[in-house]
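In this text the structure is predicted, and so the values were computed from the model without any measurement.
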Amino acid sequence: MRNRILGSRSIIALIMVLAVIAGFALDLYKIQVREHDYYTEKNNADKSYVIPIEAARGEIVDRNGNSLVTNRQGNSIVLNAVYFPSAKDNDRRNEIIYNLIKLFESRGEEYAQNLPLYFDGNGNIQFTDDEDDVKTMKSADMLGLQPYATAQNCYDAVLEKYGISSEYDRETALKIGNIRYELTRLLFSYNNPVTIADDVSDETVAAIKEDKTTYLGADVKVVAYREYVDSTIAPHILGTVRKINAEEYEERKDSGYGITDQIGESGIERAMEERLRGTPGELTITIDKDGNVTEEITKKPVQGNTVVLTIDRDLQVLAQNELKEVCDSVSLSSSAGAVVVEDCNSGELLAAASYPTFDLNDYYDSYEELSSDRRNPLWSRFAMGTYAPGSTFKPVTACAALEEGAISSDTTFYCPGVDEFNGQEFHCLHSNSHGYENVRTALRDSCNMFFYNTVMQVGMTKLDEYASGFGLGQKTGVEIAEATGTLASPERREELGGLWNLGDTLQSAIGQSDNLFTPLQLANYCSTIANGGTRYELHFVKSVISASTGVVNETSPSIADSLDLSENTLEQVHSGMRLVALEGGPYLIFGEMDTPVACKTGTSEVVVNGAKRNNGFLITYAPYDNPEIAVSSVVELAGSGTETAELTASIIDYWYQNNTDTKTNQKYGILLG
């Protein structure tokens, strides 16, 4: 029985072997005889690979055509798989990489070191602090290790994966591993050369070009690097660019992005990414049957479009400098602030500055220092900073009450300095008694008591309705990142689990309670009052000029809301704000100006190191009789809005001294056509 079973198994095995041999024989016949001509032609055919050619990003200019962001040519070193030894020849690959490392280090060049491993002072291998990079390194696509793998496990896996010989010392092996890892990380292939060193010197370029054997597979790529005419101008507006990350690449690869492409990280660079990004070209590399290689540019790259901003470069510089001066005069170590200048009749932003600030050229090298600075220089205070606006809010209360008929131009309330509402004591500014006040004098004197009584007449619902119409507590529509802010309301308080009482209503009327607005919102609200009730969406982009056709695509003014304020309301509020400039806190500065202005000051209390301090605010428009521009400013710890008056006066004086007829025509026409 046993012999019979063994015999059956032998027969089955023999049949299987014969079947396999028959299959191979059939395939061999197919290749050698039936389809011989097809495979011969395929083997002798040229092989072609298409490599993308990076296109320069578009330039960014100001409203008058002054360059802000341009490009300069530089050289990067890439490894090209067409010429580089195959993945099977690890020894040769590592030898070439070692030669390149020695060249880079001898000439002080930086090169790819993205492997999250390093040797500490005791010679022990350690992980870097970036947990995401460590996780990626251990992933199945990279080293294929378990999450609990140690740094030593990872180092050993690098040596094994890339066949790095023990003839290299440990630190050199890690350097070689860094570049080998970069090739894996960036999907090195015939169609995808990988950059291993950026912005190298001409001497390094010459050395590589002159010795193709030592540096086999290394090539020089001419790259357009971002350059700033002055890297301190408008950094929070312009923003930054960087290499695309893995997540962004997955999202954008179907749109033509490569894994090594640059992408806008913040500001206008990010907002206008699709317009600024050029159209990549194509380099076709062909290898014939004899191994000869030819290269041909089959599609030329097209530079990105030019983005024309609404800002005036010189006004922006002035605003930055004046803001720094007033903040430093308040406190060299603690004060900060922002200023915004808007065209009242279009929503164009003529300048927007935040202080402290930073230098775009130092952004990446100094990022850790900048991001840990307690004064937050990277924080765009004009767009992201939210503040209790204090008395700059009082024109909203006046507009709401006048429009709704809750008060008239003849309405007066008596200000005793201190008064009770619903059994609770409330104070006027400095507890001073103003006597009888109407809406105009109440704006001039910033009389809390008048506006407490006014909101009792008009009600919180109507006050919020008008504040919303002015865009407070809402995004302005500007292209860059901005905060929403907060408009105080009973509904919002209740949503957060809190209680609303009469005191909150009174405080809301004078810009306190939960109210938090950005300087962009304050400028836009001031513009809306100035122009009679039309609120425009704010924008930094004036136009885009096509690099391929030269066509100019203008940004048209966009109306966000229209309050349709009556002539009487406008007359009362405008004249009250004019009185602030002539008889209020800033009169010594604004009273002497050639250009008549109207304004409203404000303060809001903050606690710093246990001490009560005030932030100072000022909203201003000019000229008073025919408003064209609005300015909002905040200086932290300034004490009062009056302290920002010199800053605002400098901006208005500059604009009207330098805004010549030629500049005005250019301001509303098409630039750079």
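- When all heavy atoms of Ala173 and Tyr168 are compared, the closest pair comes out as N-CB, 4.2 Å.
- For Glu325, there are no salt bridge (Lys or Arg N to Asp or Glu O under 4.0 Å) partners two or more places apart in sequence or in a different chain.
- Side chains of Thr150 and Asn153: a donor-acceptor N/O pair is present below 3.5 angstrom, by distance only.
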*Under the side chain to side chain contact (heavy atoms under 4.5 Å, CB included) rule, what do Trp655 and Leu315 come out as? Steps first, then yes or no, please.*
CA-CA 7 Å; Trp655 182 254; Leu315 181 67; 3.8 Å; yes
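- No donor-acceptor distance shorter than 3.5 angstrom exists from the side chain of Asp343 to the backbone of Ile629, with no hydrogens or angles considered.
- Between Gln316 and Asp62, every side-chain heavy-atom pair lies at or beyond the 4.5 Å cut-off.
- Contact of the Phe84 side chain with the Ile97 side chain is registered, since non-hydrogen atoms from C-beta on lie closer than 4.5 Å.
- Taking the side chain to side chain donor-acceptor pair (under 3.5 Å) definition, one finds that Thr476 meets it with Glu482, sequence neighbours left out.
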*asked:* Determine whether Leu360 and Val69 satisfy the following criterion, side chain to side chain contact (heavy atoms under 4.5 Å, CB included), listing intermediate values before the conclusion.
replied: CA-CA 11 Å; Leu360 284 164; Val69 186; 5.8 Å; no
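- Listed by first and then second residue, the salt bridge (charged side-chain N to carboxylate O under 4.0 Å, His left out) pairs involving residues 244-269 are Arg57-Glu269, Arg226-Glu269, Arg242-Glu248, Arg242-Glu265, Glu250-Lys253, Asp261-Arg277 (not counting sequence neighbours).
- Shown here are the ring-ring contact (aromatic ring centres under 6.0 Å, His included) partners of Tyr155, two or more places apart in sequence or in another chain: Phe119.
- Between atom CG of residue Leu100 and atom CD1 of residue Ile208 there is a gap of 5.5 Å, rounded to the nearest 0.5 Å.
- Applying the ring-ring contact (aromatic ring centres under 6.0 Å, His included) rule to Tyr367 yields the partners Tyr363; only residues at least two apart in sequence or on another chain are considered.
- Under 4.0 Å is where a charged nitrogen must lie from a carboxylate oxygen, and between Glu95 and Arg92 at least one such pair does.
- The salt bridge (charged side-chain N to carboxylate O under 4.0 Å, His left out) pairs that include a residue from residues 116-133 number zero, where partners must be two or more places apart or lie in different chains.
- Of all heavy-atom pairs between Ala157 and Leu145, the closest is CB-CD1, 3.9 Å.
- In this structure, CG in Leu370 is found 10.5 Å from CD in Glu368, a value given to the nearest 0.5 Å.
- Within 6.0 Å of atom CD1 in Ile297, 12 or fewer heavy atoms from other residues, nucleotides or ligands are found, so the atom counts as exposed in its surroundings.
- Donor-acceptor pairing under 3.5 Å is recorded for the side chains of Asp328 and Tyr355.
- Applying the salt bridge (charged side-chain N to carboxylate O under 4.0 Å, His left out) test to every pair with at least one member in residues 192-204, sequence neighbours left out, gives these pairs: Arg72-Asp199, Asp198-Lys243.
- Taking every heavy atom of both residues into account, Phe540 and Glu479 meet most closely at N-OE1, 2.7 Å.
- Checking side-chain atoms of Asn524 against main-chain N and O of Tyr536 turns up a donor-acceptor pair under 3.5 Å.
- The OG atom of Ser354 sits 10.0 Å away from atom CH2 of Trp379, with the distance rounded to the nearest 0.5 Å.
- Contact of the Tyr49 side chain with the Ile287 side chain is registered, since non-hydrogen atoms from C-beta on lie closer than 4.5 Å.
- Environment of CZ in Arg270: sparse, with no more than 12 heavy atoms of neighbouring residues, nucleotides or ligands closer than 6.0 Å.
- Atom CD of Glu110 has 12 or fewer heavy atoms from other residues, nucleotides or ligands within 6.0 Å.
- For residues 213-224, every residue pair satisfying the side-chain hydrogen bond (donor to acceptor under 3.5 Å, both in side chains) rule, not counting sequence neighbours, is listed here: Asp211-Thr214.
- Using modelled atom types, one finds no donor on one side chain facing an acceptor on the other under 3.5 Å when comparing Asn178 with Glu182.
- Considering only residues two or more places apart in sequence or on other chains, Tyr83 meets the ring-ring contact (aromatic ring centres under 6.0 Å, His included) condition with none of them.
- Side-chain contact between Glu348 and His539 is present, with at least one heavy-atom pair separated by less than 4.5 Å.
- Lys212 NZ: more than 12 foreign heavy atoms inside a 6.0 Å radius.
- Between the SG atom in Cys154 and the NZ atom in Lys161 there is a gap of 12.5 Å [rounded to 0.5 Å].
- Using modelled atom types and a 3.5 Å distance limit, the side chains of Arg180 and Asn94 yield a donor-acceptor pair.
- Under a cut-off of 6.0 angstrom, the local environment of CD in Glu369 is sparse, with at most 12 non-hydrogen atoms contributed by other residues, nucleotides or ligands.
- Separation of atoms CD1 (Ile311) and CG (Leu238) is listed at 6.0 Å; rounding is to 0.5 Å.
- Counting all heavy atoms, side chain and backbone alike, Leu174 lies closest to Tyr118 at CD2-CA, 4.0 Å.
- Residues Gln320 and Pro235 are in side-chain contact: their nearest non-hydrogen atoms beyond the backbone lie under 4.5 Å apart.
- Nearest approach of Thr136 to Met142, heavy atoms of both residues: O-CG, 3.1 Å.
- Side-chain contact between Met384 and His236 is absent, with no heavy atoms from C-beta onward closer than 4.5 Å.
- Within 6.0 Å of the CD atom in Glu171, the count of heavy atoms belonging to other residues, nucleotides or ligands does not exceed 12.
- Residues passing the side chain to side chain donor-acceptor pair (under 3.5 Å) test with Asp373, sequence neighbours excluded: none.
- For the residue pair Thr240/Ser266, the side-chain donor-acceptor check at 3.5 Å is satisfied.
- With Glu109 contributing its side chain and Leu103 its backbone, the two residues share no donor-acceptor pair below 3.5 Å.
- Under the rule for a side chain to side chain donor-acceptor pair (under 3.5 Å), Glu282 has no partner lying at least two apart in sequence or in another chain.
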*I would like to know whether Arg313 and Asn64 meet side chain to side chain contact (heavy atoms under 4.5 Å, CB included); could you show each step before the answer?*
CA-CA 8 Å; Arg313 181 196 62 187; Asn64 303 306; over 6 Å; no
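- Asn192 and Ser189 share no side-chain donor-acceptor pair at under 3.5 Å.
- Residues satisfying the side chain to side chain donor-acceptor pair (under 3.5 Å) criterion with Thr232, sequence neighbours excluded, are Asp230.
- A donor-acceptor pair shorter than 3.5 Å cannot be found between the side chains of Thr195 and Thr260.
- Between Val229 and Leu68, the closest side-chain pair of non-hydrogen atoms is not below 4.5 Å.
- Here the CG-NZ distance, from Leu350 to Lys542, works out to 9.0 Å after rounding to the nearest 0.5 Å.
- At a threshold of 4.5 Å between non-hydrogen side-chain atoms, the residues Gln303 and Asn71 count as touching.
- Between Asp312 and Asp314, the shortest heavy-atom contact is OD1-N, 3.1 Å.
- Between the side chain of Lys138 and the backbone N or O of Ala149, at least one donor-acceptor pair lies under 3.5 Å.
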